[in-house]
Each structure stands twice: as C-alpha cells, then as structure tokens.
Enquirer: 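After the structure tokens below, expect a handful of questions from me.
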Amino acid sequence: MEPGTIDNLCILYQSPDFIVVNKHWDLRIDSKLWYETLTLQSQLKHRFPELADPHTYYGFRFCHQLDFSTSGALCVALNKAAAGSAYKCFRDRLVTKAYLALVRGHVSQRRMTISYAIGKNTTEGMTHMMCIDGTEGCDNPKPCQSELIVLEHGSYSGDPVTKVLLQPLTGRTHQLRVHCSAIGHPIVGDFTYSHRKDSSPYRMMLHAYYLRIPTSKELIEVCAPDPFLTTMDSNWVPQQVLHQLDETIQELK
C-alpha cells in the first residue's frame with residue numbers, strides 16, 4: 001500500500017447507505033487545521049463530490065475512528081438513517097473488529113487476553129498519551145480487554161518481531177497500542193509508546209484488517225488487504241507460522 005494522495009482512495013465496499021475505505025497510514029480522518037489539506041475527508045470529497053452532505057461539518061459521517069498512524073477498514077455512513085443504524089451496532093457491542101500488527105520481540109504465548117485498565121496520562125509532556133492503571137499520573141483508568149493471537153514469528157530489519165491478530169473487546173483511545181506496550185511487545189514503528197525510540201520504520205505497523213457491522217439495513221463485512229507481507233515490505237521476514245490468518249478470522253465469525 002503506497003502513501004495516501006488526494007486521488008488514490010481505496011474503496012472496499014459501497015452501497016447506497018455506506019462506504020468502507022482502506023484508510024492510508026499517517027492520514028487524519030478530518031482536520032480543522034488549514035494546512036492539513038490531505039485527509040480522508042478530502043479524499044472522499046475528491047472521489048465522491050456528489051455524496052458529500054452539506055448538513056454535516058466534515059461532509060461525511062464517520063461511523064468510528066482510526067488513529068492517524070493506523071491503516072485499514074473504516075466505515076462511512078452516507079445519510080443520517082444509516083449513521084444511526086451503525087451507531088446502534090457500536091453502542092450494543094455488535095461490531096467485530098480485528099487488527100493486524102507487527103510487535104517487537106517474539107510473543108511466547110500463542111493466545112492471551114490483555115486486561116489492563118487504561119486512563120489518560122496527566123504527566124507533563126505526556127498528555128497526548130494514554131497509560132495503564134498503576135502508573136504515575138494515570139487519570140480515571142477504565143476496564144479494558146484485548147485479545148491477542150500469534151500468527152507468525154519472524155524478524156523486521158533483522159530484529160525479532162511477531163505478527164499478531166488483535167481484537168479490542170472495549171474501545172478506549174490507543175487501547176491496542178497501550179496494551180501491546182504494557183506486555184513488553186510494543187507495536188513496530190510506534191514512536192509514542194516506545195518512548196520515542198522506535199522511529200526507523202516508515203510507518204506504525206497497525207492495520208484494521210477485519211470489520212463486521214450487522215446494521216438493520218445491511219450486513220457490512222470486509223477485510224482490508226494485509227499490508228504486512230514480504231512482497232509488500234521486504235524488511236519483514238516470517239520464520240514460523242503458529243496460526244493461519246484466514247482460519248483465525250473464521251473463528252471470530
């Protein structure tokens with residue numbers, strides 16, 4: 001997947017009510033800053049000017065969020081009724097989301113549930129970060145759960161890494177990034193949660209791979225192509241397969 005430009009938006013699913021895009025890494029969904037002209041919002045307006053809704057601030061109704069650094073499947077509602085039906089699915093926890101990531105080191109357990117409570121970091125200079133319960137300056141931590149399944153052990157630029165499937169069972173800001181860091185396996189390229197050390201990869205290796213939203217209007221179910229393949233990035237060299245991706249997704253269904 002190449003870097004985002006104004007005219008290379010990738011559509012994974014489209015109906016009269018919804019669009020699911022494969023969001024590029026290092027791309028904001030929207031922005032109020034005049035100098036940030038390339039956003040998912042501007043890509044959508046460029047590709048589908050006739051679908052932009054003048055009654056919304058950003059022109060499009062985003063059903064959920066992805067971090068600036070995270071790529072992958074993101075659902076956009078094309079009208080108020082569709083947005084409402086998707087919102088109910090998120091509210092009632094009927095949505096299934098699964099992410100692919102490369103994390104530092106070889107994760108020894110084949111599967112694990114990560115249950116650290118997460119709160120806002122109030123430490124000076126770190127207020128843009130989240131933190132786990134028990135760390136200094138962690139404000140109002142709330143219960144969080146993420147499932148981790150090891151797919152492959154391998155290396156990235158010669159360093160040991162693990163390819164994992166992550167499923168957030170709750171929806172806190174930066175949840176997967178914080179949980180991976182907390183177990184000692186930060187996501188490759190995550191500058192923020194590696195304490196500003198991991199800066200050499202071209203992107204943070206977190207990708208929203210699978211999305212299922214069973215709305216009252218239609219079933220939305222998509223996979224955003226896996227970007228963590230040797231054919232896409234020769235720095236990643238898999239060495240041992242522990243779980244097959246396709247079979248693991250079938251289990252989630």
Side-chain angles (χ1 to χ4, degrees), residues 1 10-13 18-25 29 62-76 86 89-104 107 109-116 118 143-154 161-183 185-190 193 203-215 218-229 232-233 236 238 241-253:
M1 192 179 185
C10 175
I11 306 300
L12 301 170
Y13 174 91
F18 296 98
I19 291 173
V20 181
V21 304
N22 188 5
K23 184 184 98 60
H24 291 86
W25 76 90
I29 291 173
F62 299 106
C63 299
H64 54 116
Q65 298 287 313
L66 286 180
D67 286 351
F68 169 74
S69 306
T70 306
S71 61
L74 183 79
C75 184
V76 182
C89 291
F90 281 93
R91 181 195 65 194
D92 297 339
R93 297 194 172 187
L94 301 175
V95 176
T96 305
K97 292 191 283 185
Y99 293 70
L100 288 172
L102 298 182
V103 300
R104 294 287 178 190
V107 180
Q109 289 179 250
R110 292 170 66 101
R111 293 174 181 252
M112 67 170 75
T113 301
I114 310 168
S115 301
Y116 293 104
I118 293 176
C144 276
Q145 269 202 334
S146 304
E147 293 286 336
L148 181 151
I149 299 171
V150 172
L151 299 173
E152 296 173 291
H153 286 153
V161 300
T162 305
K163 186 174 182 175
V164 297
L165 191 75
L166 298 165
Q167 187 181 11
L169 303 182
T170 47
R172 293 288 279 163
T173 301
H174 296 178
Q175 177 177 319
L176 298 177
R177 298 167 66 182
V178 173
H179 272 173
C180 287
S181 180
I183 63 168
H185 296 283
I187 294 171
V188 173
D190 190 343
Y193 291 101
R203 61 162 292 182
M204 183 179 72
M205 306 299 176
L206 180 62
H207 177 74
Y209 176 71
Y210 176 73
L211 178 66
R212 184 181 192 274
I213 311 175
T215 76
E218 63 204 82
L219 170 63
I220 299 166
E221 187 173 36
V222 295
C223 287
D226 178 2
F228 309 134
L229 302 171
M232 307 279 283
D233 184 353
W236 157 241
V241 177
L242 283 86
H243 289 101
Q244 294 287 349
L245 176 57
D246 291 348
E247 292 173 9
T248 309
I249 292 294
Q250 286 300 324
E251 283 180 38
L252 291 185
K253 295 181 184 182

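Positions are given from 1, in the same order as the sequence printed here.
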Enquirer: Under a 4.5 Å cut-off applied to non-hydrogen side-chain atoms, are Leu100 and Leu151 in contact?
Expert: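 Of all side-chain heavy-atom pairs linking Leu151 with Leu100, at least one is under 4.5 Å.
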Enquirer: Any ion pair linking Asp226 and Lys163 (charged N to carboxylate O, less than 4.0 Å)?
Expert: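 Asp226 and Lys163: salt-bridged.
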Enquirer: Evaluate side chain to side chain contact (heavy atoms under 4.5 Å, CB included) for Trp236 paired with Val161, printing each intermediate quantity in order.
Expert: CA-CA 9 Å; Trp236 157 241; Val161 300; 3.4 Å; yes
Enquirer: Does the side chain of Ile249 come within less than 4.5 Å of Tyr209's, by heavy atoms?
Expert: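 In short, these two side chains touch, coming nearer than 4.5 Å.
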Enquirer: Kindly give the heavy-atom pair with the smallest separation between Pro227 and His207, and that separation in Å.
Expert: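 Closest approach of Pro227 to His207: CD-CD2, 3.4 Å.
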Enquirer: Quick one: does Asp233's side chain get under 4.5 Å of Met205's, heavy atoms only?
Expert: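 Yes; the side chains approach each other to less than 4.5 Å.
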Enquirer: Using a distance-only test with no angle check, is there a side-chain donor-acceptor pair under 3.5 angstrom linking Arg203 and Ser71?
Expert: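 Judged by distance alone, the side chains do pair up.
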Enquirer: Can you tell me how far OG1 of Thr215 sits from CZ of Phe18, rounded to the nearest 0.5 angstrom?
Expert: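 The CZ atom of Phe18 sits 4.5 Å away from the OG1 atom of Thr215.
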Enquirer: Would you call Leu242 and Thr162 a side-chain contact if the rule is heavy atoms closer than 4.5 Å?
Expert: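 The answer is no, as the side chains (C-beta and beyond) never meet within the 4.5 Å cut-off.
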Enquirer: For the pair Tyr116 and His179, name the ring-plane relationship: parallel under 30°, tilted 30 to 60°, perpendicular over 60°.
Expert: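 Geometry flag for His179 against Tyr116: tilted rings.
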Enquirer: CG of Asp190 to CG of Asp67: how many Å apart, nearest 0.5 Å?
Expert: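 Reported value, rounded in 0.5 Å steps: 9.0 Å.
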Enquirer: Does CZ in Arg93 sit with more than 12 non-hydrogen atoms of other residues, nucleotides or ligands closer than 6.0 Å?
Expert: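 Open.
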Enquirer: Drop me the distance from Leu176's CG to Thr70's OG1, to the nearest 0.5 angstrom.
Expert: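 Going from the CG atom of Leu176 to the OG1 atom of Thr70 covers 8.5 Å.
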Enquirer: Distance from Lys97 atom NZ to Leu169 atom CG, nearest 0.5 Å?
Expert: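 Answer for the NZ-CG pair, Lys97 versus Leu169, is 11.0 Å.
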Enquirer: Kindly indicate whether the side chain of Ile114, heavy atoms from C-beta on, has any atom under 4.5 Å from the side chain of Cys144.
Expert: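 Sidechains of Cys144 and Ile114: no contact.
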Enquirer: Taking all non-hydrogen atoms of both residues into account, name the closest pair between Tyr13 and Val222 and its distance.
Expert: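 Minimum heavy-atom contact is CB-CG1, 3.6 Å.
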Enquirer: Looking at Gln145, is its backbone amide N or carbonyl O close enough to the side chain of Thr170 to form a donor-acceptor pair, meaning the two atoms are under 3.5 Å apart?
Expert: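 Present.
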Enquirer: Quick check: do Leu211 and His64 have side-chain heavy atoms less than 4.5 Å from each other?
Expert: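 They are in contact (side-chain heavy atoms under 4.5 Å apart), so the answer is yes.
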Enquirer: For Phe68, does its backbone N or O pair with a side-chain atom of Lys23 as donor and acceptor, under 3.5 Å?
Expert: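 Looks like yes, one N/O pair under 3.5 Å.
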Enquirer: Looking at every heavy atom in both Leu94 and Pro214, which two are closest together, and how far apart are they?
Expert: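 Result for this residue pair: O-CD, 3.4 Å.
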Enquirer: May I ask you to test the Val21-Ile11 pair for a side-chain heavy-atom distance under 4.5 Å?
Expert: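 A side-chain contact exists here, since the closest heavy-atom pair is under 4.5 Å.
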Enquirer: Determine, step by step, whether Leu219 and Arg212 satisfy the side chain to side chain contact (heavy atoms under 4.5 Å, CB included) criterion, reporting the C-alpha distance in whole Å, the side-chain angles of both residues, the deciding distance to 0.1 Å, and the verdict.
Expert: CA-CA 7 Å; Leu219 170 63; Arg212 184 181 192 274; 3.8 Å; yes
Enquirer: Please report the closest heavy-atom contact between Val103 and Cys180, naming both atoms and the distance.
Expert: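 Distance-wise, the nearest heavy atoms are CG1-SG, 4.0 Å.
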Enquirer: Could you measure the distance from the CG atom of Leu165 to the CZ atom of Arg111? Nearest 0.5 Å is fine.
Expert: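 Rounded to the nearest 0.5 Å, the CG-CZ separation comes out at 9.5 Å.
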Enquirer: With side chains defined as the heavy atoms from C-beta onward, is the minimum distance between Tyr210 and Lys253 less than 4.5 Å?
Expert: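 Answer yes - side chains close enough.
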Enquirer: Looking only at heavy atoms, what is the nearest atom pair of Glu152 and Pro238, with distance?
Expert: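 Where Glu152 meets Pro238 most closely, the heavy atoms are OE2-CB, 3.5 Å.
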Enquirer: Distance from Arg177 atom CZ to Leu206 atom CG, nearest 0.5 Å?
Expert: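 Those atoms lie 7.5 Å apart.
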Enquirer: So, for Ser146 and Gln175, which heavy atoms are closest and what is the spacing to 0.1 Å?
Expert: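 Heavy atoms only, the tightest pair is OG-NE2, 2.8 Å.
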